[in-house]
Amino acid sequence: QVQLVESGGGLVQAGDSLRLSCAVSGRTFSPYAMGWFRQAPGKERELAAAISKIGDGIYYADSVKGRFTISRDNAKNTVYLQMNSLKPEDTAVYYCALDRSRLVGVSISRGQYDYWGQGTQVTVSS
């Protein structure tokens, strides 16, 4: 059984930074494509960023491009989301997710992901 545990969320002011971490356990981490999704109140869960299993492919949603950076450390079984220049509209619960099927590239569809973390709240005040 694969487990994903997010951490690093919190309450910050607009313009601040946060780094989210997602620790993966229960199975070898390195072969899997990963993604960070977010869900604001009353809205659908959306993909913010995704990374391929060896980090050679990366995707960002237009809304976070230039401000967020996704990375991974396969030796630590962890994926990160560095969030800079945060805006109130970034307020959401952030979830990491794992796609066990994709061998090359990134997964951008929610339905492609098989395992999810419990989420971590990010709140950005104006």
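- At least one side-chain heavy atom of E6 sits less than 4.5 Å from a side-chain heavy atom of W36.
- Using bins of under 30°, 30° to 60° and over 60° for the plane-to-plane angle, the ring pair F68/Y94 lands in the tilted bin.
- Counting non-hydrogen atoms of other residues, nucleotides and ligands closer than 6.0 Å to CD of Q118 gives a total above 12.
- In this structure, a donor-acceptor pair under 3.5 Å is present between the side chains of Q121 and T123.
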TODO: Begin from the C-alpha positions of C22 and Y80 and carry the test side chain to side chain contact (heavy atoms under 4.5 Å, CB included) through to its verdict.
DONE: CA-CA 6 Å; C22 174; Y80 304 98; over 6 Å; no
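- Screening T69, V122, D90 for a side-chain contact (heavy atoms from CB on, under 4.5 Å) involving M83 leaves a single residue, V122.
- Y113 and I51 are not part of a single hydrophobic cluster, where members link through side-chain heavy atoms under 4.5 Å apart.
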TODO: Given side chain to side chain contact (heavy atoms under 4.5 Å, CB included), test Y32 with R102 step by step and report yes or no.
DONE: CA-CA 7 Å; Y32 302 114; R102 180 166 295 279; over 6 Å; no
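- In this structure, R110 and E46 have side chains that are not in contact, with every pair of non-hydrogen atoms separated by 4.5 Å or more.
- Between the CG atom of D114 and the OG atom of S107 there is a distance of 8.5 Å, given to the nearest 0.5 Å.
- The only option from L4, D99, L81, V106 that meets the side-chain contact (heavy atoms from CB on, under 4.5 Å) definition with M34 turns out to be L4.
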Donor-acceptor pairs are to be reported for all side-chain atoms of residues 57-66 against protein atoms at under 3.5 Å, with residues two or more places apart or in another chain.
residue: Y60; atom: OH; partner: I70; partner atom: N; Å: 2.9
residue: D62; atom: OD1; partner: K65; partner atom: NZ; Å: 3.2
residue: S63; atom: OG; partner: R38; partner atom: NH2; Å: 3.2

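- Taking hydrophobic clusters as Ile, Leu, Val, Met, Phe, Trp and Tyr residues chained together by side-chain heavy-atom distances below 4.5 Å, W116 does not share a cluster with V24.
- With sequence neighbours excluded, no residue forms a ring pair (Phe, Tyr, Trp, His ring centres under 6.0 Å) with Y95.
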Which pairs of donor and acceptor atoms, one on a side chain in residues 8-21, lie under 3.5 Å apart (sequence neighbours left out)?
residue: D16; atom: OD2; partner: Q13; partner atom: N; Å: 3.1
residue: S17; atom: OG; partner: N84; partner atom: OD1; Å: 2.9

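- The nearest pair of heavy atoms linking L98 to R100 is CD2-N, 3.7 Å.
- Rounding to the nearest 0.5 angstrom, the gap separating the CG atom in N77 from the OG atom in S25 is 8.5 Å.
- Hydrophobic clustering of Ile, Leu, Val, Met, Phe, Trp and Tyr side chains at less than 4.5 Å, counting indirect connections, keeps F37 apart from Y115.
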